[in-house]
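Here's the structure we're looking at; comments come further down.
All of these numbers come straight from a predicted model, not from anything done at the bench. Counting from 1, the numbers follow the sequence of the chain as shown.
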Amino acid sequence: MSANTWTIAAARDALRKGEISATDLTMACLTAMDAGDALGAFVHKTPEIALDQARAADARIKAGDAPSMCGIPLGIKDLFCTKGVPSQAASNILAGFRPEYESTVTAKLFEAGAVMLGKLNMDEFAMGSSNETSCYGHAVNPWKVDGRKLTPGGSSGGSAAAVAGDLCLAATGTDTGGSIRQPAAFTGIVGIKPTYGRVSRWGIVAFASSLDQAGPMTKSVRDAAIFLQAMAGHDPKDSTSADLAVPDFEAALTGDIRGKKIGLPREYRMEGMPSEIEKLWADGAAMLKDAGAEIVDISLPHTKYALPAYYVIAPAEASSNLARYDGVRYGHRAKLAAGDGITEMYEKTRAEGFGKEVQRRVMIGTYVLSAGFYDAYYNRARKVRALIKRDFDEAFANGVDAILTPATPSAAFGLGEMSSADPIEMYLNDVFTVTVNLAGLPGISVPVGLDKQGLPLGLQLIGRPWDEGGLLNHAYVLERAAGFVAKPAKWW
């Protein structure tokens with residue numbers, strides 16, 4: 001078995017025993033990356049940086065100074081600023097941008113000895129659920145049906161494709177409304193969105209600042225625990241970063257959930273839900289019950305308002321965050337005609353630099369923040385958000401330890417199949433995930449089974465605030481019970 005197919009945990013143990021060097025492990029991934037160009041996952045490869053970091057990791061391992069991530073080859077989503085390396089958020093407006101600084105997450109990973117193979121594809125500014133809004137072109141799901149190319153999900157589609165296709169051992173993702181969990185479910189991998197504030201946002205290109213959160217995308221729950229340990233922690237440069245100690249997430253994987261109470265929200269049984277998703281959900285609940293957990297029905301009554309509230313709040317914050325991209329200091333600047341002034345420069349630059357979906361969301365956000373509509377839309381959405389959070393608070397106050405739901409309303413769909421005139425069709429992919437972001441909670445997607453086409457399906461577990469350890473342990477139990485080991489047939 002080639003080393004690029006290993007889990008983080010397996011590679012860590014092999015590196016420490018001297019069974020493989022970080023340099024050889026990195027070379028195996030670089031070879032897989034080059035062979036996997038058809039997946040469109042990596043948009044900027046950094047082999048020289050990777051090999052330099054791998055050699056440094058080998059020296060640390062030899063000296064006995066090897067943290068868990070030392071020598072582990074990773075892909076980094078293009079939303080993370082990486083010093084001296086293109087960081088475009090998959091947008092033409094940031095063409096040529098090479099930051100002079102390192103995001104806190106990547107800095108922490110590099111301090112822990114991790115290796116960066118390159119930057120990964122994504123939806124432009126993380127706005128999308130299929131990786132089809134990227135200026136680089138779409139990434140492709142390694143899973144294929146009847147010759148159809150499928151979406152890897154979004155916005156962290158390149159991360160999901162790279163991990164599922166064994167181009168790297170793991171990858172960073174970001175999640176504003178489901179952008180880690182949905183692509184993880186579509187590609188048969190694990191993806192966790194931590195509690196808002198657990199992982200620093202500093203140096204991550206902002207989409208919606210009160211919703212964005214970075215997290216790991218991995219081949220197993222144990223890997224997610226190891227990876228999250230390295231990413232998490234207080235950062236004084238991020239005013240929303242929580243000043244809390246980071247527990248040992250891997251040690252929390254006891255596999256014991258006896259006596260724990262798992263809630264099944266009745267509002268997630270939506271009209272028209274495919275029978276396969278219903279069965280998967282019931283099977284997942286049965287697995288947790290067999291492990292000793294108590295399954296209870298709960299109510300999250302404001303769930304039906306989550307999507308509309310999210311698609312007011314997120315575009316509003318995006319319109320504010322993206323106002324900085326004007327062609328003045330960096331990135332794309334439009335060519336001007338004689339007589340054009342500063343206003344024309346702004347208009348032409350933004351029209352050329354932003355894709356259609358980003359333009360749509362910026363315009364929606366500007367509209368809902370305008371004087372005549374602020375109270376009618378934005379303030380009302382904020383109030384709904386508070387009610388959604390209260391629903392979760394009451395469930396946890398009543399003794400629920402975790403909540404089990406579907407991760408997505410379907411398996412991965414074909415590229416181009418949802419590129420219709422109605423964007424709401426695409427937005428509905430986030431129906432099970434946006435509540436978690438609105439409430440600031442941790443959520444994880446775990447692969448549990450295959451649909452009748454042979455495509456992966458995932459279940460989502462939602463945890464108490466700051467209880468990533470408990471959430472990961474529930475996910476670990478579900479993962480072991482499901483025994484999901486399916487891999488896509490290699491076609492690339």
Side-chain angles (χ1 to χ4, degrees), residues 5 7 129 141-146 148 150-153 156-157 160-161 163-166 178 180-193 217-224 253 255 257 262-265 268-270 272-293 295 402-414 428-433 436 443-463 471-491:
T5 66
T7 62
S129 301
N141 197 324
W143 295 79
K144 211 171 188 181
V145 173
D146 299 328
R148 289 165 57 224
L150 306 175
T151 176
S156 306
V163 176
D166 289 323
I180 286 174
R181 292 159 290 152
Q182 183 248 29
F186 277 4
T187 56
I189 65 170
V190 174
I192 181 170
K193 182 205 90 71
M217 302 180 74
T218 61
K219 299 176 186 179
S220 73
V221 172
R222 182 173 298 278
D223 283 6
L253 305 181
I257 59 167
I262 310 295
L264 303 183
Y268 279 59
R269 299 185 191 281
M270 297 185 172
M273 180 188 289
S275 58
E276 286 180 307
I277 302 292
E278 284 269 16
K279 184 181 184 303
L280 186 83
W281 192 9
D283 289 348
M287 292 173 197
L288 295 173
K289 184 177 181 180
D290 289 345
I295 308 299
I403 296 168
L404 180 71
T405 80
T408 58
S410 70
F413 50 88
L428 289 171
N429 272 280
D430 302 330
V431 66
F432 298 128
T433 53
V436 178
I444 188 169
S445 176
V446 180
V448 173
L450 299 173
D451 74 354
K452 60 187 175 186
Q453 302 178 89
L455 295 176
L457 295 171
L459 287 176
Q460 174 181 231
L461 281 159
I462 303 167
L471 177 66
L472 285 159
N473 191 39
H474 282 88
Y476 180 59
V477 170
L478 182 62
E479 176 187 57
R480 290 201 301 177
F484 185 92
V485 294
K487 300 284 285 185
K490 190 170 180 180
W491 54 265

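- A224 approaches I192 most closely through the heavy-atom pair CB-CG2, 4.2 Å.
- A distance-only check finds no donor-acceptor pair linking the side chain of Q453 to the backbone of V145 [under 3.5 Å].
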For residues 471-486, dump all side-chain donor-acceptor pairs below 3.5 Å to protein atoms at least two apart in sequence or in another chain.
unit_1	atom_1	unit_2	atom_2	d
N473	OD1	T254	N	3.1
N473	OD1	G255	N	2.8
N473	ND2	T254	OG1	3.3
N473	ND2	D256	O	3.2
H474	ND1	G470	O	2.8
Y476	OH	R222	NH2	3.4
E479	OE2	V221	N	3.0

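- Shown here for G165 and P142, the closest heavy-atom pair between the two residues is N-CG, 3.7 Å.
- Y268 pairs by the ring-ring contact (aromatic ring centres under 6.0 Å, His included) definition with F432, not counting sequence neighbours.
- To the nearest 0.5 angstrom, L288 atom CG is 4.5 Å from I257 atom CD1.
- Side chain of W281 to backbone of L459: no donor-acceptor contact under 3.5 angstrom is found.
- Listed by chain and number, the residues in a side chain to side chain donor-acceptor pair (under 3.5 Å) with S220 are D223 (sequence neighbours excluded).
- Separating the CZ atom in F186 from the CG atom in L150 is a distance of 9.5 Å, to the nearest 0.5 Å.
- Atoms CD1 and CG, from I262 and L461 in turn, are 6.5 Å apart once rounded to the nearest 0.5 Å.
- Nearest heavy-atom pair, G449 versus L280, reported as atom, atom and distance to 0.1 Å: N-CD1, 3.9 Å.
- For residues 279-288, the pairs satisfying salt bridge (charged side-chain N to carboxylate O under 4.0 Å, His left out) are K279-D283, with sequence neighbours left out.
- Taken to the nearest 0.5 Å, the NZ atom of K193 stands 12.0 Å off from the CD1 atom of I444.
- Among all heavy-atom pairs drawn from T151 and S129, the shortest one is OG1-O, 4.3 Å.
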If you look only at distance, which donor and acceptor atoms sit under 3.5 Å apart when one is on a side chain in residues 403-413 and the other is two or more places apart or in another chain?
unit_1	atom_1	unit_2	atom_2	d
T405	OG1	Q460	NE2	2.8
T408	OG1	S410	O	2.7

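- For R269, the salt bridge (charged side-chain N to carboxylate O under 4.0 Å, His left out) criterion is met by E278, not counting sequence neighbours.
- Residues passing the salt bridge (charged side-chain N to carboxylate O under 4.0 Å, His left out) test with K289, sequence neighbours excluded: none.
- Qualifying salt bridge (charged side-chain N to carboxylate O under 4.0 Å, His left out) partners for D166, counting only residues two or more places apart in sequence or in other chains: K219, K487.
- The shortest heavy-atom contact between G458 and S445 is CA-OG, 4.4 Å.
- Judged as a side-chain contact (heavy atoms from CB on, under 4.5 Å), and not counting sequence neighbours, the contacts of I189 are A160, V163, A164, A184, T187, M217.
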